[in-house]
Amino acid sequence: MHVFDRKAELIDHLNMERDKNHEIGLVPTMGALHKGHLSLVKKAISENDVVVVSVFVNPTQFDQKEDLEKYPRTFERDVELLKQLDDTIVVFAPDAKDIYGEEVIAKEYNFEGLDKVMEGAFRTGHFDGVGTIVELFLTTVSPSRAYFGEKDFQQLQIIRKLVETQNLPFEIVGCPIEREPHGLAMSSRNERLSETTRKEAGFIYKTLKTANEKFGTESASEIKKWVKSQFEKNELLDLEYFEITDENTLTPMLKKQANQKYRAFIAVYAENVRLIDNLRLN
Ligand code: PAF
């Protein structure tokens with residue numbers, strides 16, 4: 001198992017792999033790995049000769065200091081999990097200055113409006129931070145493919161826009177959401193929930209599934225109203241937003257059009273932990 005904390009050493013190692021015509025897959029993470037991450041890593045292993053997993057809690061994508069400080073950090077355990085999966089995985093865990101240079105700040109991007117709604121509207125500067133670090137990892141690793149989970153579907157669409165607008169020659173692969181037994185989308189943040197709330201948070205997915213059933217006969221505004229009323233009755237979960245949008249442009253659906261793909265997005269607070277989820281509607 002190779003664990004690098006310096007960019008220059010990682011690049012030397014990957015150049016040797018490329019000399020052997022090995023294709024490289026990249027799975028960017030912020031650590032605190034769970035089954036959701038491992039499913040991305042498994043997919044990357046099945047499609048590449050070498051897999052790099054980056055573990056880096058990116059400061060520029062947090063809009064709240066407390067959220068950054070409380071983000072779970074479990075590096076030893078992460079390395080152990082990856083080793084058990086496949087001990088040829090390459091782990092890259094740089095410090096902020098090594099990957100960013102002297103100034104740990106986000107670039108400003110034009111994501112053509114994808115970043116102005118939902119997560120972007122509630123977390124100022126978040127997607128500039130994500131874009132900056134993902135671009136840095138992509139250009140450092142130069143992978144054939146990079147893997148991202150659909151739990152952060154808005155992030156996935158923004159990263160697709162990033163590679164398109166910056167002309168980056170890397171394939172972006174989206175991977176399905178992994179769920180806990182009660183339906184809660186897997187996330188490193190789930191670790192911060194009490195057992196009762198973690199179970200109750202299955203309500204988020206249950207509501208998305210019912211919204212999907214209603215989608216056949218009800219308008220977006222009727223469904224939004226219904227979702228809001230469900231959360232008003234729930235004492236443990238606070239709804240931040242629920243939106244139904246076009247899957248590609250992420251603009252709110254006004255009137256359903258044939259041949260368009262729609263998705264429901266939700267953000268909820270539980271015990272001060274922010275949870276997000278989404279579901280393709282059909
Ligand atoms: O999805 C995440 O964990 C992060 O946003 C990412 C893509 C690793 C960038 O820090």
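Counting starts at 1 for both ligands and their atoms, in listed order. Below, all heavy atoms of this structure are taken into account, side chains as well, without hydrogens, waters or symmetry copies. Keep in mind it's a predicted model, so treat the numbers as computed, not measured.
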Ligand 1 atoms in contact with P28 (distance to a heavy atom under 4.0 Å): 8 (C)
Logged contact type for I159 with ligand 1, heavy-atom cut-off 4.0 Å, is neither
Nearest heavy-atom approach of A96 to V104 is CB-CG2, 4.0 Å
For atom 5 (O) of ligand 1, what's the nearest protein heavy atom and its distance? Q155 OE1, 2.7 Å
Evaluate the criterion side chain to side chain contact (heavy atoms under 4.5 Å, CB included) for residue pair V117 and T251; output intermediate values, then yes/no. CA-CA 8 Å; V117 290; T251 49; over 6 Å; no
Output the list of atoms in ligand 1 that are nearer than 4.0 Å to some heavy atom of Q61, sorted by atom number. 4 (C), 5 (O), 9 (C), 10 (O)
Closest heavy-atom pair, V141 versus V52, reported as atoms and distance to 0.1 Å, is CG1-CG2, 4.1 Å
What protein heavy atom is closest to atom 3 (O) of ligand 1, reported as residue, atom name and distance in Å? M30 CG, 3.7 Å
What atoms of ligand 1 come within less than 4.0 Å of a heavy atom belonging to I133? 9 (C), 10 (O)
Please report the C-alpha distance between Y109 and T165 in whole Å, then the side-chain angles of each, then the deciding distance to 0.1 Å, and finally whether the side chain to side chain donor-acceptor pair (under 3.5 Å) criterion is met. CA-CA 9 Å; Y109 292 93; T165 55; over 6 Å; no
Taking it one step at a time, do Q230 and T207 satisfy side chain to side chain donor-acceptor pair (under 3.5 Å)? CA-CA 8 Å; Q230 296 308 295; T207 307; over 6 Å; no
